[in-house]
K.L.:
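Dumping the structure here so I can ask a few things about it.
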There are 2 protein chains.
Amino acid sequence: MTPEPDAPDTAKRPKPFDPLALDHQLCFALYAAANRVIRLYRDQLEPLGLTYPQYLTLLVLWERDDLLVGEIGEALSLDSGTLTPLLKRLETAGHIVRTRDAADERRVRITLTKQGRALRAKAVNIPESIACEMGLPLETLVQLKQTLTTLAANPS
Amino acid sequence: MTPEPDAPDTAKRPKPFDPLALDHQLCFALYAAANRVIRLYRDQLEPLGLTYPQYLTLLVLWERDDLLVGEIGEALSLDSGTLTPLLKRLETAGHIVRTRDAADERRVRITLTKQGRALRAKAVNIPESIACEMGLPLETLVQLKQTLTTLAANPS
DNA sequence: GCCTTTTATATTGTGCACAATTTAATCGCT
DNA sequence: AGCGATTAAATTGTGCACAATATAAAAGGC
């Protein structure tokens, strides 16, 4: 099946490397993998009434409550254009409260409600469940996370 | 710095593993890395007047022209709800043409215009440029792509 | 104390991503 | 041929993601 070394010009040759071939794009692999993982989460989060970015926001607040909008934004690399409406939806759902800081009226403090804190118990087994669905050995996943974290952390 | 084995209960202990800590989430590393890489592309694609998903769509068409909407959707794991408006914008920009298939009026064939084909030359050096900006050794990037492709390809 | 600059959040507008539904054409079965 | 089932794309509606801008409050210079 390999072409003869001295085949004539009309014979099949190995294709020249195509830098724009979809299969060669790390960016597409990353994009497709991210979309797929978010889809996996959707199924787990739908019973909790949460979207994936809302879940990430709650992860931040479950670790440290009473944060400014900007602090959440820094943790997730999101700006107020994304976070403001998202936080309003989490407030409408009863998971958080948004309060203007009395000492600095520009700031908005985000605090969990009792309901928001209680939601954590329903989410605690999601990561392991997703890791299973990914169908890759744990060792591979750990190394993958390490590489991705480096990639995400480089100067934006 | 490690706590005494027989330290009293009030002494500092190593924190119990928190499965919901943001720093432990592969999903967040993936989400943040994907967002960052798309931001890197935005700077490169802006002069071409393309968004990142539009660029991916053109990658597919530069490899094989004259595809159905559904075939592009399968290549990119996107549905018509995403692709129909995106393709209409590419058509408005003059890069593609959308034509109802005469033999099967349900189908819409997507073909590149001359302008759409010409755009390829302006995009051909983007992947290498992005790879540099990522700031990771090529070896790492190759392996990362391999792992992500496996992750994205598992049954959805 | 004013006035410019900076900071924190909100708003507006565009473009995905996707679920759910709709429309219309083709297929399959009798 | 007739008709229910399937298929392909479009439409509708929600929720990000982000650029650009707006609003308003605080900080800093003079």
Side-chain angles (χ1 to χ4, degrees), chain A residues 27-28 31-43 45-46 48-58 67-74 76-93 96 98-110 152 156, chain B residues 27-28 31-43 45-46 48-58 67-74 76-93 96 98-110 152 156:
Chain A
C27 69
F28 175 63
Y31 166 87
N35 283 345
R36 173 162 130 77
V37 169
I38 290 177
R39 278 195 289 273
L40 291 180
Y41 272 89
R42 224 184 300 272
D43 298 335
L45 292 174
E46 193 261 346
L48 308 190
L50 293 176
T51 66
Y52 180 68
Q54 287 168 13
Y55 165 75
L56 290 181
T57 303
L58 289 176
L67 291 172
L68 304 177
V69 172
E71 291 173 324
I72 296 173
E74 191 173 351
L76 300 177
S77 301
L78 295 174
D79 69 4
S80 70
T82 301
L83 280 176
T84 296
L86 185 156
L87 292 168
K88 284 182 178 174
R89 283 186 283 270
L90 283 179
E91 185 175 44
T92 302
I96 64 165
R98 300 163 62 249
T99 328
R100 283 277 162 194
D101 189 325
D104 182 345
E105 290 274 345
R106 291 172 304 180
R107 297 175 164 185
V108 172
R109 310 206 73 91
I110 307 297
S156 188
Chain B
C27 70
F28 174 64
Y31 165 88
N35 283 346
R36 173 162 130 78
V37 169
I38 290 178
R39 277 194 291 272
L40 291 180
Y41 272 89
R42 223 185 302 271
D43 298 335
L45 293 174
E46 193 261 346
L48 307 190
L50 293 175
T51 66
Y52 181 69
Q54 288 168 13
Y55 165 76
L56 291 180
T57 303
L58 289 176
L67 291 172
L68 304 177
V69 172
E71 290 174 324
I72 297 173
E74 193 173 350
L76 299 177
S77 301
L78 295 175
D79 69 5
S80 71
T82 301
L83 281 176
T84 295
L86 184 156
L87 292 169
K88 283 181 177 172
R89 283 186 283 268
L90 282 179
E91 185 175 44
T92 301
I96 64 165
R98 299 162 63 248
T99 329
R100 282 277 162 195
D101 189 325
D104 184 343
E105 292 272 347
R106 290 170 305 181
R107 297 175 165 185
V108 171
R109 309 206 74 91
I110 307 297
S156 189

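All chains are named by letter (A, B, ...) in the order of the sequence lines, taking the proteins before the strands, and each is independently numbered beginning at 1.
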K.L.:
I want to verify a distance call: between C/dT9, D/dA17, C/dC18, whose nearest atom is closest to the A/Asn35 side chain?
P.N.:
C/dC18
K.L.:
Take the protein atom CD of A/Glu46 and the nucleotide atom C1' of C/dC18, then report the distance between them rounded to whole Å.
P.N.:
13 Å
K.L.:
Which is true for A/Ser77 with a 4.0 Å heavy-atom rule: it touches a base, it touches only sugar-phosphate, or it touches nothing?
P.N.:
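Answer is sugar-phosphate: A/Ser77 comes under 4.0 Å of backbone atoms only.
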K.L.:
Work out which heavy atom in B/Cys27 is nearest to a heavy atom in A/Val37; give both atom names and the distance.
P.N.:
CB-CG1, 4.0 Å
K.L.:
Let me know the distance between CG of A/Leu87 and P of C/dT9, rounded to the nearest Å.
P.N.:
10 Å
K.L.:
If you compare all heavy atoms of B/Ser80 against all heavy atoms of B/Pro85, which two are closest, and at what distance to 0.1 Å?
P.N.:
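Of all heavy-atom pairs spanning B/Ser80 and B/Pro85, the closest is O-CD, 3.9 Å.
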K.L.:
Tell me: CG of A/Asp79 to P of C/dT12, nearest whole Å?
P.N.:
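Whole-Å distance recorded here is 16 Å.
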K.L.:
Rounded to whole angstrom units, what separation is found between the CZ atom of A/Arg109 and the C1' atom of C/dT9?
P.N.:
14 Å
K.L.:
Under 30°, 30 to 60°, or over 60°: which ring-plane class applies to B/Tyr41 and B/Tyr52, parallel, tilted or perpendicular?
P.N.:
tilted
K.L.:
To check you understand the geometry: which heavy-atom pair defines the closest contact between B/Leu86 and B/Thr57, and what is its length?
P.N.:
CD2-OG1, 3.5 Å
K.L.:
Rounded to the Å, how far apart are B/Leu86 CG and D/dA9 P?
P.N.:
15 Å
K.L.:
Rounded to whole Å, please give me the gap between CZ in A/Arg107 and C1' in C/dT6.
P.N.:
13 Å
K.L.:
Is B/Leu83 touching bases, backbone alone, or none of the nucleic acid, heavy atoms closer than 4.0 Å?
P.N.:
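B/Leu83: no heavy atom of the nucleic acid under 4.0 Å.
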K.L.:
OP1 or OP2 of D/dG15 versus the side-chain N and O atoms of A/Thr51: is any pair under 4.0 Å?
P.N.:
no
K.L.:
If the cut-off is 4.0 Å, is A/Lys88 near the phosphate of C/dT9, judged by side-chain N/O to OP1 or OP2?
P.N.:
no
K.L.:
Starting from the 5' end of DNA chain D, give me the residue, B/Ser80 or A/Ile38, whose nearest nucleotide shows up first.
P.N.:
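It is B/Ser80, whose closest nucleotide lies nearer the 5' terminus.
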K.L.:
Do any side-chain nitrogens or oxygens of A/Tyr31 fall under 4.0 Å of OP1 or OP2 in C/dA17?
P.N.:
yes
K.L.:
Between B/Arg100 and B/Glu105, does any NZ, NE, NH1 or NH2 come within less than 4.0 Å of an OD or OE carboxylate oxygen?
P.N.:
no
K.L.:
C/dC18 P sits how many Å from A/Tyr52 OH, rounded?
P.N.:
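Taking OH of A/Tyr52 and P of C/dC18, I get 14 Å after rounding.
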K.L.:
How close do A/Ala34 and B/Ala34 get, heavy atom to heavy atom, and via which atoms?
P.N.:
CB-CB, 3.8 Å
K.L.:
For a quick test of reading the model, state the closest non-hydrogen atom pair linking B/Ile96 to B/Leu87 and the distance between them.
P.N.:
CD1-O, 3.4 Å
K.L.:
Scan B/Gly70 against the nucleic acid and name what it touches under 4.0 Å (heavy atoms): base, sugar-phosphate only, or nothing.
P.N.:
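Touches sugar-phosphate only.
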K.L.:
Could you pull out the protein-nucleic contacts involving nucleotides 22-28 of chain C (nitrogen or oxygen on both sides, under 3.5 Å)?
P.N.:
{"from": "C/dT26", "atom 1": "OP1", "to": "B/Glu105", "atom 2": "N", "distance (Å)": "3.1"}

K.L.:
Counting just side-chain N and O atoms, does A/Arg98 come under 4.0 Å of either OP1 or OP2 of C/dA10?
P.N.:
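Yes.
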K.L.:
Any idea which heavy atoms bring B/Leu50 and B/Gln54 closest together, and the distance?
P.N.:
CA-OE1, 3.6 Å
K.L.:
Side-chain N or O of A/Arg39 versus OP1/OP2 of C/dC18: is the shortest distance under 4.0 Å?
P.N.:
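Answer yes for this pair, as a side-chain N or O of A/Arg39 is under 4.0 Å from OP1 or OP2.
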K.L.:
Quick one: is A/Arg89 getting a side-chain N or O under 4.0 Å of the D/dT14 phosphate, OP1 or OP2?
P.N.:
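It does not, given that no N or O in the side chain of A/Arg89 lies less than 4.0 Å from OP1 or OP2 of D/dT14.
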K.L.:
Could you tell me the separation between the CZ atom of A/Arg100 and the C1' atom of D/dA26, rounded to a whole number of Å?
P.N.:
13 Å
K.L.:
Are any of B/Thr82's side-chain N or O atoms less than 4.0 Å away from OP1 or OP2 of C/dA17?
P.N.:
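No, outside the criterion.
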